[in-house]
Structures are given as structure tokens and as C-alpha cells.
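Each chain gets a letter, A, B and so on, in the order its sequence line appears, and its residues count up from 1.
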Protein chains: 2
Amino acid sequence: MSDKQTGRTMPKAQNIADEVRRRIVELKWRQGERIPDEADLAVEFDAARATVNKALQVLADEGLLDRKRRAGTRVAINPVRKATFSIPIVREQVEEAGMAYSHRVVAQRFSPIPAQIAARLGLPEGERLVHLRAVHYADGRPYQLEDRWLNPRAAPGLQQAGFRDLNANEWLVRNAPYLRAEFSFSAENADRRDARLLQTRQGQALLILHRTTWNDLGPITTVRVAFQPGHCFGAHEGRDQGSNT
Amino acid sequence: MSDKQTGRTMPKAQNIADEVRRRIVELKWRQGERIPDEADLAVEFDAARATVNKALQVLADEGLLDRKRRAGTRVAINPVRKATFSIPIVREQVEEAGMAYSHRVVAQRFSPIPAQIAARLGLPEGERLVHLRAVHYADGRPYQLEDRWLNPRAAPGLQQAGFRDLNANEWLVRNAPYLRAEFSFSAENADRRDARLLQTRQGQALLILHRTTWNDLGPITTVRVAFQPGHCFGAHEGRDQGSNT
DNA sequence: CTGATATATATGTCTATACTTATTTTAAGG
DNA sequence: CCTTAAAATAAGTATAGACATATATATCAG
């Protein structure tokens with residue numbers, strides 16, 4: 001009843017979480033039903049309450065359980081579950097695929113922000129930020145296109161960095177950690193400029209990612225990324241195989 | 001130094017996490033640098049090591065810290081951070097926007113799966129599954145289009161459910177909890193059929209979401225969702241404001 | 001019956017302590 | 001010098017105990 005998957009002994013809390021998950025998936029404990037309280041589960045699994053608590057917190061974070069003081073723990077009625085994806089550094093992504101990375105800055109100037117960008121950043125319209133447009137290439141073929149606005153007030157040292165050599169993507173990752181980020185995915189038909197820079201035809205469906213990041217000084221950057229046609233962006237949910245914990 | 005944001009006293013572990021995050025964002029502790037060990041931080045913050053451990057685990061899960069036994073804790077070199085988004089129930093999403101929800105099943109039959117679907121599900125080509133195509137409407141206008149394959153072997157009771165009345169999306173959420181899910185976003189130009197069902201023109205860029213879910217009996221369902229033109233899908237990262245914990 | 005108040009209870013959080021385990025560092029042996 | 005073994009160390013995990021806090025339920029006054 002402990003370590004079936006690998007030969008390794010799993011932590012007790014994880015075994016408990018797995019078993020509870022199993023009972024939910026196998027409909028032994030159904031949606032909305034109350035499950036035994038921590039004290040009872042602690043007895044059943046021969047563990048301390050703190051251990052059971054940790055296991056159930058994990059499941060609550062996953063959205064599988066709803067927990068409330070005094071009211072107990074219930075299987076979530078509609079498991080609004082959260083999927084995760086990670087934002088890789090473009091160069092690493094390209095190189096990991098065994099291709100040669102390069103990038104080209106198409107335009108870079110200090111200019112007043114249009115209304116749409118101002119709204120997204122929460123800054124007054126007309127404020128002057130660094131506007132940067134660049135193309136990332138994989139083996140010489142366009143890989144993605146970025147149209148970015150940078151806020152020097154939130155990223156000290158930004159003025160010095162000339163993005164001809166080091167790309168903005170990478171400079172930001174290494175020099176401007178953020179506290180909060182917002183994303184959105186959408187689809188757009190390539191306009192004339194998109195088509196030219198991505199070397200595709202006008203009207204081609206493009207996957208568009210908007211991303212904005214903030215730190216405690218304010219908005220750092222907002223970017224519109226247009227991916228090469230056919231590119232897809234993966235995410236997943238469930239046991240996290242590798243990495244930490 | 002405790003509760004600045006709200007008047008409420010925040011848990012100690014969260015204060016510690018916030019403070020460490022602040023030090024990273026303000027570059028007091030830089031990328032790749034080793035930070036004090038749990039015991040030292042416990043002294044600094046006047047907390048038990050377990051509390052510090054919990055705070056740092058959170059940051060490690062966020063991808064902000066790299067932790068290794070004996071080697072200590074370092075600020076992540078390239079913070080491959082994870083963004084989360086949630087998959088809402090279509091009907092609720094529509095109704096929350098104050099619109100009337102309806103849906104229509106376009107086709108439903110038991111048929112052998114094509115190679116591409118077989119690959120995605122990990123099932124042999126030609127296996128017979130339920131194939132379902134439906135349109136979701138908001139205030140009578142097409143909202144999204146789904147093309148779904150359902151595996152009755154992994155979802156007992158599925159055969160009985162006729163999806164004319166109850167939509168598949170909702171039936172699955174309530175009756176077939178899953179253990180693992182995979183997603184991908186992409187963009188496609190609407191083909192003739194997409195255009196007709198979404199009442200748009202052929203060639204229109206559409207945001208496409210592929211999603212596949214599994215439980216311990218195997219793959220449950222895989223679906224291709226085509227959103228109405230202009231629709232975007234949001235995600236975010238950072239302190240999670242509401243809900244659990 | 002209604003509304004205010006008290007009580008009970010399940011989860012939330014923290015602590016001190018202990019032991020485990022991966023990994024680095026050091027020491028020993030060839 | 002290289003290889004191997006031992007020691008040291010920092011995180012990983014578990015535990016019993018304690019107190020905090022939200023909230024469901026019971027109790028009581030009107």
C-alpha cells in the first residue's frame with residue numbers, strides 16, 4: 001500500500017494524497033460529499049494530523065477538495081482545476097530542439113504609449129517607454145515575433161542594455177524578476193507586417209500570446225508574441241513528475 | 001513588518017515567503033546566489049525551522065528558488081515560472097457574463113478512431129469510441145465549437161447519458177474526475193465547416209484548444225475546442241488572491 | 001418564530017524535536 | 001594523482017502538542 005510506482009518509498013503525505021485522489025476518481029467519495037475529518041484519517045492512515053493536513057491541502061490547492069473550518073472537507077462540486085505551463089527562454093527552447101538560435105531587432109525607440117498599452121500597464125497614456133520589436137529565428141527561419149514595451153522605471157539598468165546583442169527576453173529573465181504576471185492567448189490573422197517578418201502569407205492564423213509583468217515598482221514590460229504558423233503551446237495538469245518537492 | 005496589505009494578520013510562513021520574494025525582486029539576493037539556510041532564517045524571523053521550510057517550499061514550487069539537500073537554497077538561475085489557468089464549465093462562463101446559454105449536438109456516433117486521435121489517446125487505431133460534435137451558444141450566437149471523442153471504458157455510465165439534453169462538458173466534469181490532463185493551444189484558419197458552425201468566414205483565425213484527460217482506467221476524452229473569433233484565454237501567475245489555502 | 005449569544009468542532013497554523021536522505025567535503029588508502 | 005570511504009551538512013519528512021479562528025449548531029430571550 002506504499003510504493004507501487006517506483007521502487008522508492010514515497011513520503012507518507014503523498015501516499016495519503018494519492019489514496020484520497022484514488023477514492024475520488026473511483027467515485028468512492030463523490031462530488032459534494034463530506035470526507036472523514038483529519039483526525040479520523042490520521043487514525044486510518046496511522047499518521048499525525050499534520051501529515052494528513054498537508055496531504056489534504058495539496059488536494060485543495062489542486063481544486064479537488066473544498067475545505068472549510070468547522071464544516072469539514074468535501075469533494076469539490078465542480079473541480080475548477082488549474083493547469084500549469086511554463087514560459088521558456090526562447091533561445092533555450094530553440095537550442096534544445098537542436099537548432100541554431102539568432103535574433104534581430106527590427107525597431108527600438110523611446111516613444112509615447114498608445115491607449116491600449118497604457119490600459120494594460122495601468123500607466124497614463126502618452127507616457128514614454130522603450131518600444132522594441134524583434135524577431136527570433138531558429139536555423140535562420142522566423143520562430144517568433146515580439147512587440148514589446150519596457151518600463152525603465154521598474155527595471156533599473158535597462159537603459160544601459162542595448163538589445164542588439166543580448167535579447168530583451170533574456171535580459172529581463174536575468175535582471176528583472178517579477179512578482180506578478182498576466183497572460184492571454186488568442187488567435188489573429190497575420191497582417192502585412194506579421195506576414196513579412198514571419199515569412200508567411202497575409203491572413204495566416206497566428207497564435208498570439210500577450211504577457212505583462214509587474215514588480216513592486218510597477219509594470220515592467222508587456223509583450224505581444226506572435227508564433228510561427230503551426231506552433232502550439234502546451235500545458236498540463238496532474239502529478240508533476242520531475243523537478244522540485 | 002507583519003501585516004501591511006490588509007488589516008488581517010497574515011500567517012507567519014506567508015510573511016516569510018513575501019519577504020524572501022521581496023529580497024529577490026529587489027536584487028538583494030541575486031540569481032544563482034545562495035541564501036541563508038533554514039536554521040539561520042528561522043533565527044532571523046524568530047520562527048521554527050518547519051515554518052521557514054514551508055515558506056521556502058512555496059517559493060521553490062513557484063520556481064523562484066532551487067533547493068538541494070546539503071547544497072542549500074539558491075535563487076533560481078532562470079526562473080522557469082509556472083502560470084496557471086483554470087478550465088471553466090462553458091455554461092457557467094456564459095451565464096456569468098450575463099448571457100443565455102444553449103448548446104446543440106451536431107453529430108453523435110460510435111465510430112473507429114482515426115490515427116491522429118489514437119496517437120493522442122494511446123489507444124490502437126480503429127478502436128470504436130463515441131464521437132461527438134457540438135456547438136455552445138451565448139445569447140444564440142456561436143460561442144465555441146467542440147469535437148470530442150469519449151472512451152466509455154474509462155467513464156462508466158457514459159453510454160446512458162444522451163448528450164442532447166445535458167452537455168458532455170458538464171457530464172464529464174461531474175461524473176468523470178480525472179487524474180491527469182494535457183492541453184495545447186494553437187491557431188488555425190477556419191475551414192468551411194468551422195466557419196459555418198461558428199457563423200464566421202472561412203480563413204478566420206481561430207484559437208484552438210486541445211485537451212485530453214486520463215484516469216486510472218485510461219484516457220477518458222480528448223477534445224478540440226474552437227473558440228469564437230476574438231475570444232482569448234487568460235492565465236496568470238503570482239500571489240493567488242482568492243480561494244483556498 | 002426571530003434574533004442574539006454561547007458552545008462545539010474541524011481546519012489553520014506554529015513549535016520543538018527527531019530522524020532520514022542526498023550531496024558535498026574531507027580524509028584515507030592505493 | 002586517483003579512487004574510495006567516512007564525516008558533515010542542509011534540506012525532507014514526520015510527530016505530538018498547543019493554540020487560533022471560522023462557522024455550524026444549539027441555547028436562550030424576547
| query | How close or far is atom C1' of C/dT20 from atom CE of A/Met10, stated in whole angstroms? | reply | 16 Å

| message | From C-beta outward on B/Asp37, which listed nucleotide comes closest to its side chain: C/dT15, C/dC14, D/dA10? | response | D/dA10

| said: Is it the case that the base of D/dA10 and the side chain of B/Arg70 share a donor-acceptor contact (distance under 3.5 Å, atom types as modelled)? | reply: no

| field | Listed nucleotide nearest any side-chain atom of B/Arg34, set D/dA10, D/dT15, D/dA11 | value | D/dA10

| query | Do the side-chain N or O atoms of B/Lys12 get closer than 4.0 angstrom to the phosphate oxygens (OP1, OP2) of C/dT15? | reply | yes

| task | Please report, rounded to the nearest Å, how far the P atom of C/dT11 is from the NZ atom of A/Lys54. | result | 18 Å

| request: Check whether any side-chain nitrogen or oxygen of B/Thr73 sits under 4.0 Å from OP1 or OP2 of D/dA11, and answer yes or no. | output: yes

| When you match B/Ala50 and B/Ile35 each to their closest nucleotide on DNA chain D, which lands nearer the 5' end? | B/Ile35

| message | Less than 4.0 angstrom between a side-chain N/O of B/Thr51 and OP1 or OP2 of C/dT15, yes or no? | response | yes

| request: Please work out if A/Arg74 contacts a base, only the sugar-phosphate, or nothing of the nucleic acid, heavy-atom cut-off 4.0 Å. | output: nothing

| field | Polar side chain donor-acceptor pair, B/Gln57 to B/Asn53, under 3.5 angstrom | value | yes

| task | Check whether any side-chain N or O of B/Gln57 sits under 4.0 Å from OP1 or OP2 of D/dT13, and answer yes or no. | result | yes

| A/Arg67 side chain N/O closer than 4.0 Å to the phosphate oxygens (OP1, OP2) of C/dG12? | yes

| query | Around atom CZ of A/Arg23, are there more than 12 heavy atoms of other residues, nucleotides or ligands at under 6.0 Å? | reply | yes

| How is B/Asp40 classified with respect to the nucleic acid when contacts are heavy atoms under 4.0 Å: base, sugar-phosphate, or nothing? | nothing

| task | Quickly work out the B/Ile16 CD1 to C/dC14 C1' distance and round it to whole Å. | result | 10 Å

| message | Using a 6.0 Å cut-off, check whether atom CZ of A/Arg153 has over 12 heavy atoms from anything other than its own residue. | response | no

| query | Rounded to whole angstrom units, what separation is found between the CG atom of A/Asp66 and the P atom of C/dT11? | reply | 13 Å

| request: Look at the side chain of A/Arg69 and the base of C/dT11, then say whether one donor and one acceptor between them are separated by less than 3.5 Å. | output: yes

| said: Tell me whether A/Glu170 is salt-bridged to A/Arg91, with the criterion being a basic N under 4.0 Å from an acidic carboxylate O. | reply: yes

| field | Side-chain N or O of A/Lys68 closer than 4.0 Å to phosphate OP1/OP2 of D/dA24 | value | yes

| Are A/Arg180 and A/Glu182 close enough for a salt bridge, meaning some N to O gap below 4.0 Å? | yes

| task | Determine: side-chain N/O of B/Asn53 to OP1/OP2 of D/dT13, distance under 4.0 Å, yes or no. | result | no

| said: Regarding B/Ala47, tell me which of base, sugar-phosphate or nothing describes its non-hydrogen contacts under 4.0 Å with the strands shown. | reply: sugar-phosphate

| message | What is the separation between atom CD on B/Glu38 and atom P on C/dT15, rounded to the nearest whole Å? | response | 13 Å

| request: Please report, rounded to the nearest Å, how far the P atom of C/dT9 is from the CZ atom of A/Arg49. | output: 14 Å

| Between A/Tyr178 and B/Glu237, a side-chain donor and acceptor under 3.5 Å | yes

